[in-house]
Protein chains: 2
Amino acid sequence: MSENPLKSRPAPRKAPKQARSLATVEAIVEAAARILEERGHEAFSTNAVAERAGVSVGSLYQYFPRKDALIGALILRETSRLVEEAESAADQPTGKEALSALILPCVEQQLRRPALARLLDFEEARLPLDAATEQVKMRFFELTRATLLRPDLPAQTDMDVASRDVVAIIKGMVDAAGEHGDEDKRQLARRVERAVLGYLNSG
Amino acid sequence: MSENPLKSRPAPRKAPKQARSLATVEAIVEAAARILEERGHEAFSTNAVAERAGVSVGSLYQYFPRKDALIGALILRETSRLVEEAESAADQPTGKEALSALILPCVEQQLRRPALARLLDFEEARLPLDAATEQVKMRFFELTRATLLRPDLPAQTDMDVASRDVVAIIKGMVDAAGEHGDEDKRQLARRVERAVLGYLNSG
DNA sequence: CTGTAATATGAGCGATAATTCGCTTTTTAC
DNA sequence: GTAAAAAGCGAATTATCGCTCATATTACAG
């Protein structure tokens, strides 16, 4: 009755218990990242990832139930890092500073590994995400929303729409910059702030 | 000497001469679009496209030298349509109206077939585009640039950067809207205009 | 030291899918 | 009508790749 008719459940594999296997899992995830960013989705095969990680395919399948789980793990890793850095927004004295503290991590994340960031952004829309990832994403949205509520920023009529728009503006500009190539971190961050503040002010 | 060692040339296949084959080519391209937007990259196989188009794989390969050429044709088709509609920007009396005339087609294109638009946008970065497509894309960029030069819009210090940013803001917001689902065309267009004007004004 | 649990291995199964090619059918030109 | 060109066909070829499993190695508890 609780079986899987066609599409199988998330199928949680073995969790690493010893230090050795923890290192294996990390190596696999990082290998997946490198293959994706260097050679794209096309070359992204489980065999390629295993080889690059210096382990066997069998080991890979002990910790990741299917190929897509690798991408899932990557999304979780990268999103968690972004949100951790963005948490500092909550501590800023003014809304304007909080906004900067929100934007800078996005810019840094994107410029650090542009190809990877862009690709994962796309996969995020395609893959069903697990609860943990969904929660981290939600947290970022909440941080944005709370920032827009700061008293020194112009009030918005619909906070949900405004939050989505702001996130979309950031994502769009930062993505384009990653595609275009060489960009100065500070300059880009300043331009994104300009765009977002411009949007908020003209509400 | 003029041979292809490993990666073959664009390999131009037969061009359709009769009405029958023209219809075949169109059916194939549209089938490719439908498979991509309905079932994603995963299900996008030449056999699936041929079947959906009601032709044989052999026929498909008479007009498209390889699988990717299907996506290339789709990108050209969609981009051309967008640019055609955006041409009206040049005829607008004011810069503000020209900006609207630039933004509206983007919004319409995206909301018409959101999944397809998003996917092609991603493929555009992955695939090497032919000269024709490159030229159409350039034309859109030029239209944007010319619009930003209108005297009633605030002057920008770096027109290239400003143009890229504006395109990025449009793309980002419109993409997010397509992902989010139900959106009102007019409302979305108005919000994008707000964002772009806000950006331009705070320069 | 020894038994057991954890971890690692990689050849190979089964499935899918890109592309070709010899052939048939349809259209056009005369 | 007929020959040649254009269009269409789809089984067969070839290759790749996701994933499993029977087996080997390593770590750890007592």
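This one's a predicted model, so the numbers in the text were calculated from it and none came from an experiment. In what follows, every chain begins at residue 1, and chains take the letters A, B, ... in the order their sequences are listed.
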Think [X] has a side-chain N or O under 4.0 angstrom from the OP1 or OP2 of [N]?
X       : N      : answer
B:Thr46 : C:dA18 : yes
A:Ser21 : C:dT7  : yes
B:Ser56 : D:dG8  : no

Would you indicate whether B:Lys67, at its atom NZ, is surrounded by more than 12 heavy atoms from other residues, nucleotides or ligands within a distance under 6.0 Å?
yes

Go through [options] for me and flag the one nearest to the [X] side chain.
X       : options               : value
A:Tyr63 : C:dA8, D:dC17, C:dA17 : C:dA8
A:Arg20 : D:dG18, C:dT26, C:dA8 : C:dA8
B:Tyr61 : D:dC9, C:dT20, C:dA17 : C:dT20
A:Lys67 : D:dC9, D:dG18, D:dA6  : D:dG18

If I take atom [atom1] in residue [X] and atom [atom2] in nucleotide [N], what distance separates them, rounded to the nearest angstrom?
X       : N      : atom1 : atom2 : answer
B:Asp68 : C:dT19 : CG    : P     : 8 Å
B:Arg66 : C:dT20 : CZ    : C1'   : 15 Å
A:Asn47 : C:dG10 : CG    : C1'   : 10 Å
A:Gln18 : C:dA5  : CD    : P     : 13 Å
A:Leu60 : D:dC17 : CG    : C1'   : 13 Å
B:His41 : C:dA17 : NE2   : P     : 12 Å
A:Phe44 : D:dG18 : CZ    : P     : 8 Å
A:Phe64 : C:dT7  : CZ    : C1'   : 15 Å

Does NZ or CZ of B:Arg39 lie under 6.0 Å from the centre of the six-membered ring of B:Phe44, at an angle within 45° of the ring axis?
no

Expected output: side-chain B:Glu183 to main-chain B:Gly178 donor-acceptor under 3.5 Å:
no

Will you find, in the side chains of B:Thr133 and B:Asp130, an N or O donor that is under 3.5 Å from an N or O acceptor?
yes

Is there a donor in the side chain of A:Gln18 and an acceptor in the side chain of A:Ser21, or the other way round, less than 3.5 Å apart?
no

What's A:Ser45 touching, base or sugar-phosphate or nothing? Going by heavy atoms closer than 4.0 Å.
sugar-phosphate

Need one value for A:Ala19: base, sugar-phosphate or nothing, where a base atom within 4.0 Å counts as base even if backbone is also close, heavy atoms only.
nothing

First of A:Val57 and A:Gln62 reached from the 5' end of DNA chain C, by closest nucleotide
A:Gln62

